[in-house]
Amino acid sequence: MEKINQKKAIDFLINNGVIIVMFILVIYTGLTTDNFFTSNNLLNTLMNMSSRLVIALGIAGCVITAGCDLSAGRMIGFGGCIAGVLLQRIDYSNKFFPGMEPMNVFVVALIVMAICGLFGTVTGFFIAYLSVPPFIATLAMMEIVYGINLIFTNATPLGGYVSEYTSVASGKFLGISYLIWIAVVVSAVTWFIFNMTRHGKYMYAIGGNPQAAEVAGVPVKLTLIIIYMKAAAMYGLAGFMLGAKAGGASVALGLGYEMEAIAACTIGGVSVTGGRGKVSSAIIGVAVFELLKVALQYLGMDANSQYIAIGVVIFVAISLDIRKYIAKK
Amino acid sequence: MAEYKLELKGICKSFPGVKALDHVQLSLRPGTVHALMGENGAGKSTLMKCLFGIYKMDEGEVYLDGEKIEINNPDEAMAHGIAMVHQELQPVPARSVAENLYLGRFPTKNFGPFKMIDHKKMYEETAYWLKEVKMDFDPKAQLGTLSIGQMQSVEIAKAVSQQARVVIFDEPTSSLSDNEVEALFRIMNDLRDKGVAMVYISHKMDEIKRIADDITIMRDGTYVGTWPAAEMSTDQIIAKMVGRELTNVYPPRGNEPGEVVMEVKNLCSIHEKSFQDVSFTLRKGEILGFGGLVGAQRTELMEGLFGIRGVASGEVWIHGKKAKIKHPIDAMNAGIGLITEDRRGNGIFGCLSIKDNVGVSVYNKYLQAGVVLNHKKINQVVDDSIQKLRIKTPSMKEHISNLSGGNQQKVIVSRWLANDPDVLIMDEPTRGIDVGAKHEIYEIMNELAAQGKAIIMISSEMSELLGMSDRVYVMCNGKLTGEIDEADKMTQADVMAYATQF
């Protein structure tokens, strides 16, 4: 009996190893450095997390169906730029559409999501109906979206936003930035879709066994298209959020974010082989990633070495995660 | 010289829960074709896999030219001059013929301190060996561009090039056209003249009569006997193959079949070699058996009916209405359910819970406001079926992969019952599940029939087919070859006669 308990305890430690190590690292950083355990730093970290979480939740849907989405980063840049050109001050000298009245911030967010969602639908069409592997289809869309964005913006950085737009980041409700609230709402909606709708259940089924899903009468193709459309809309929203926070946008916005989002999802427990993953997985993954970055920064590790640390964490986290499923056999 | 080229004595092999081979023997004379025959699951392929070192035999001895040898893996088998042309070819279609022929034993030449592949030699030798088997296509051709028959002759050329003295053909003609079969027989005759001993596994009687010198028959993993092919009639062979009594493990059923529920007219696959021109009827409360040998295209027919495989022409009428089925969703809307043969492959969702496995095809029915899943009702439905079908599980949240095969099958049955189809197609419903669970599945089938559901059951297990069905259709090579509806005519020999018609 004692042995079994011991084994259980060891299993628990190993299965949650990365999170436990994260906790220790965070506590150690808090105790040894000043200003780490402050509400200011916490809110700052949460604000950084917010847009990353929206991206990760979008990409999680793709990963759960054993796919991926490489177009996320460029889609974010595209979304950020669309939002930018529609929300510049009328008196800004470098205005992209001179003389155009800036639009309502809320409407712009919806426009950005709709345009990006349209591109995601195209990606989804190629994946679902023409059986192009997601890796390749989203790679192609990544190139196309970047090209369109370059032509559209002439590669010039955008700035001079109306205060309504920048206040999406700076403004607060109950002392917490709107960006964080957006992430909370997106998480809630995603949780609802994953757990309370047919679409969510179909998504898990396709990820678990696409052949069986077909036989069981799941509309596999339509479901896949919706997943990639929804994901792209969320990247657009993330671009909108990042633009608000930075007060500007350029075509380079979002470069490489797709990789971080996929890594965050898998660290949190979204299985790249499909069928497994929750909203909480994406939240945990993004939190681990951001806390790691902040903690290392506070501990004075130089920015270049941080990349190595992140790589090591991915290796270890995924090895431990995979171990859970292999051990069951 | 020893009388026999190769002798297998007292071969035993067990898999968990099954004795697949029980003291089987086989003796091959040099320069002969030896037919190995038996029903599906008689152990023919298992025996050959033991010989070839793919499986490790539990007991038994192998003698080559009178000398005892041991074979632990395919490499050693090939080193002894034993080659196998597999039932399912396993080549590398994207590479050239020559590379496939020399895969794993590429000719090399020295390039300074390095060994590099001698392409020139490889192509020359490949051309030579292809000529040996009277096939002259380009050794540089990509293998995937060849027909299945041509690919097979590449495999044979490979066997010949290894100086094989024993060649095993495991159902080589199952996917060949008539011309290709002729070509294969020509090669086999050549090999016979060269003194090669061959094992030939096939279900096709006419081929056996043409090519075989000796026949060994197996049944249920045991050795029945060996006879000269010329002395055996087709009827005698069939009698020896099936000659087992039906055991009364099938629960009795009270109800009589009612009116016609489904009518299939002239259904043809888009593939020439698959099901063609199949017509049949199905009645309410009936269990309709589909018999035939592996490869008779029964599964393909049912998957075509269900909208998974392409159908070129033909009609399906359900309750007197013509059904247009292009996708499983259409089939479900028309009132058909399908429990597939390959439970792991396209039945269960291994990483999902029992609840999700049952729920997946009924979510449409349990929505609130058209969007939100009514988890309470779904839980109720799942709970009900766990009780009704006696699924052994601690809770509905358990992953289905933690259940036994029989319980997994019951979960899939629940999935379709929740969907309430009029016609339930069950493809090998008891494959890979233990005896107790089998019996429970039979009882469930009887209950469903009594409730007025129409059931189609594909079964390769002869006693199950005859024991459970009200009526039996037999298929052979994609065609319906017989219908047996009188109880006294439902014998294994009758089914086998229809099943081996082509």
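Fair warning: this is a prediction, and the values are worked out from it, not measured in the lab.
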Please answer whether the main-chain N or O of Asn195(A) pairs with a side-chain N or O of His375(B) as donor and acceptor at a distance below 3.5 Å.
yes
Only pairs of heavy atoms separated by less than 4.5 Å count here; which of Thr340(B), Ile348(B), Leu338(B) has the most with chain A?
Ile348(B)
Considering only heavy atoms, which portion of Pro210(A) lies under 4.5 Å from any heavy atom of chain B: side chain, backbone, both, or neither?
neither
So, for Cys351(B) and Gly275(A), which heavy atoms are closest and what is the spacing to 0.1 Å?
SG-CA, 3.8 Å
Phe135(A) CZ: over 12 foreign heavy atoms closer than 6.0 Å
no
Could you tell me which of Gly208(A), Gly217(A), Pro219(A), Gly274(A) has the largest number of non-hydrogen atom pairs under 4.5 Å with chain B?
Gly217(A)
Can you see which heavy atom on Ser361(B) is nearest to which on Ala216(A), and at what distance?
CB-O, 3.0 Å
Please give me the minimum heavy-atom distance between Val372(B) and Phe192(A), naming the atom from each residue.
CG2-CZ, 3.5 Å
Residue by residue, which of residues 412-427 of chain B have a heavy atom closer than 4.5 Å to a heavy atom belonging to chain A?
Arg415(B), Trp416(B)
One option among Ile193(A), Val218(A), Thr197(A) has the most heavy-atom pairs under 4.5 Å with chain B, and it is Thr197(A)
In Å and rounded to the nearest 0.5 Å, what is the CD to CD1 distance from Glu214(A) to Ile308(B)?
7.5 Å
Counting N and O atoms only, with roles assigned by atom type, does the side chain of Asn209(A) sit under 3.5 Å from a partner on the main chain of Arg344(B), one being a donor and the other an acceptor?
yes
How many angstroms lie between NE2 in His199(A) and OH in Tyr363(B), if you round to the nearest 0.5 Å?
13.5 Å
Does atom NZ of Lys388(B) have more than 12 heavy-atom neighbours, drawn from other residues, nucleotides or ligands, at distances under 6.0 Å?
no
Do the side chains of Tyr204(A) and Asp356(B) get nearer than 4.5 Å, heavy atoms only?
no
How about His271(B): does its NE2 atom have over 12 heavy atoms from other parts shown lying under 6.0 Å from it?
no
Which atoms of Asn364(B) come close to chain A, meaning under 4.5 Å heavy atom to heavy atom: side chain ones, backbone ones, both, or neither?
both
